[in-house]
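Count residues from 1 along the sequence. Just so you know, these numbers come straight off a predicted model, no measurement behind them.
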Amino acid sequence: MRYDLVIFDNDGVLVDSEPISNRLLAGYLTELGHPTTYEESVRDYMGSAMHRIHELIEERTGQRLPAEFDDTFHARVFAAFEKELRAVAGAAEVLGRLAREEIPYCVASSGSHERIRVGHRTAGLDSWFRDENIFSAEDVGRGKPEPDLFLHAAARMGVAPERCVVVEDSGLGVRAALAAGMDVYGFTAMTPAEKLPGARGYLRRMEELPATLGL
């Protein structure tokens, strides 16, 4: 099937940020009295918008995270990005291929607009994106696993949901894409395929995407 829009998740799909952000999130939550391992952070929060972290902590402990939590966490993440962040192998080449084939694409991320832009700039992907094809959970009321973000991206890009394909590396993201009525391919560089149920297929390397899409 030839799709009219390719929607990329950002963290872990375009930029190799998940190990960095989950390491820092686990450390910060532990520092605040909510002991969390790296593995638990990946399991519980990977692919989540920030509001979901607040909701899960309050649901589990009855305590609210401090008002400055988001700002402090993002400051730590951005500082680490500047030193450590790299693009996912093959991401720039795939974006270039889509551009040459004139296939529209966009990013739809649980991260904030600032986080997306900082990541793209640091990883050298900023030339492939403009304001018009960057979408964040900040743009909608509910993040993944709700379908709102993907539906918003499709609407803004002028493409019907059933003509979209999503590339995702989190279970929450796969669920969101399916709820939006879109095909989704699971990216398994970090997440095992069994944790991405419902995907149409799976990609171990980003370089596999063009052939998967029949390009």
Taken in chain and number order and not counting sequence neighbours, the residues that satisfy side-chain contact (heavy atoms from CB on, under 4.5 Å) with P104 are L5, M157
Would you give the length of the straight line joining atom CG of L85 to atom CZ of R121, rounded to the nearest 0.5 angstrom? 10.0 Å
Nearest heavy atoms of V13 and D9, plus distance in Å: CB-O, 3.4 Å
Closest non-hydrogen contact found for S110 with G47 is OG-O, 2.7 Å
With sequence neighbours excluded, what pairs up with S127 under the side-chain contact (heavy atoms from CB on, under 4.5 Å) test? none
Please step through side chain to side chain contact (heavy atoms under 4.5 Å, CB included) for the pair L65 and L29, ending with a clear verdict. CA-CA 9 Å; L65 292 170; L29 289 174; 3.9 Å; yes
R60 CZ: over 12 foreign heavy atoms closer than 6.0 Å: yes
Can you name the residues that form a ring pair (Phe, Tyr, Trp, His ring centres under 6.0 Å) with F69, not counting sequence neighbours? Y28, H54
Not counting sequence neighbours, which residues clear ring pair (Phe, Tyr, Trp, His ring centres under 6.0 Å) with Y38? List them please. none
Which pair of non-hydrogen atoms, one from A199 and one from G186, has the smallest distance, and what is that distance? CB-N, 3.8 Å
Using the salt bridge (charged side-chain N to carboxylate O under 4.0 Å, His left out) rule, collect all pairs that involve residues 156-165, keeping only residues at least two apart or in two chains. D4-R163
Residue pairs involving residues 2-24 (criterion ring-ring contact (aromatic ring centres under 6.0 Å, His included); sequence neighbours excluded): none
Residue pairs passing the ring-ring contact (aromatic ring centres under 6.0 Å, His included) test with at least one member in residues 194-215, sequence neighbours excluded, are none
Inter- and intrachain pairs under ring-ring contact (aromatic ring centres under 6.0 Å, His included), touching residues 124-159, at least two apart: Y105-F129, H120-F129, F135-H152
In the single-linkage hydrophobic clustering (I, L, V, M, F, W, Y; side-chain heavy atoms under 4.5 Å), do I116 and V140 co-cluster? no
Does this structure show an ion pair linking R43 with E39, if we count only N-O contacts that are shorter than 4.0 Å? no
Among residues two or more places apart or on two chains, list those pairs meeting salt bridge (charged side-chain N to carboxylate O under 4.0 Å, His left out) that have a residue in residues 199-215. D183-R200, R205-E207, R205-E208
How far apart are the C-alpha atoms of R175 and L172, what are their side-chain angles, what is the distance that settles it, and do they pass the side chain to side chain contact (heavy atoms under 4.5 Å, CB included) test? CA-CA 5 Å; R175 286 165 55 193; L172 294 175; 3.6 Å; yes
Among V167, V88, V107, find the residue that satisfies the side-chain contact (heavy atoms from CB on, under 4.5 Å) test when tested with L14. V107
Using the rule given for salt bridge (Lys or Arg N to Asp or Glu O under 4.0 Å), can you reason through R76 versus E31, listing the C-alpha separation, both sets of side-chain angles and the distance that settles it, and then say yes or no? CA-CA 13 Å; R76 295 181 183 186; E31 179 184 318; 3.1 Å; yes
Would you call L196 and V184 a side-chain contact if the rule is heavy atoms closer than 4.5 Å? no
Check the hydrophobic clustering (I, L, V, M, F, W, Y; side-chain heavy atoms under 4.5 Å; chains of links allowed) and say if V15 and V42 are grouped together. no
With distance as the sole criterion, is a donor-acceptor pair present between the side chains of H113 and D131 under 3.5 Å? no
Are V165 and V174 linked, directly or through other ILVMFWY residues, by side chains that come within less than 4.5 angstrom of each other? no
Residues passing the side-chain contact (heavy atoms from CB on, under 4.5 Å) test with E93, sequence neighbours excluded, are none
May I ask you to say whether R52 pairs ionically with D44, meaning some side-chain N is under 4.0 Å from a carboxylate O? no
Give the ring-plane orientation class for F81 versus F78, where under 30° counts as parallel, over 60° as perpendicular and anything between as tilted. tilted
Return each pair, listed once, that meets ring-ring contact (aromatic ring centres under 6.0 Å, His included) where at least one residue sits in residues 174-197; pairs must be two or more places apart or across chains. none
Residues that E18 engages under side-chain contact (heavy atoms from CB on, under 4.5 Å), provided they are two or more places apart: D11, S21, N22, M46, D169, M190
Minimum heavy-atom separation for A80 to L24, with atom names? CB-CD1, 3.8 Å
List the atom of R115, the atom of S17, and the distance in Å for their closest heavy-atom pair. NH2-OG, 4.2 Å
Flag side-chain contact, heavy atom, 4.5 Å: E138 against E114: no
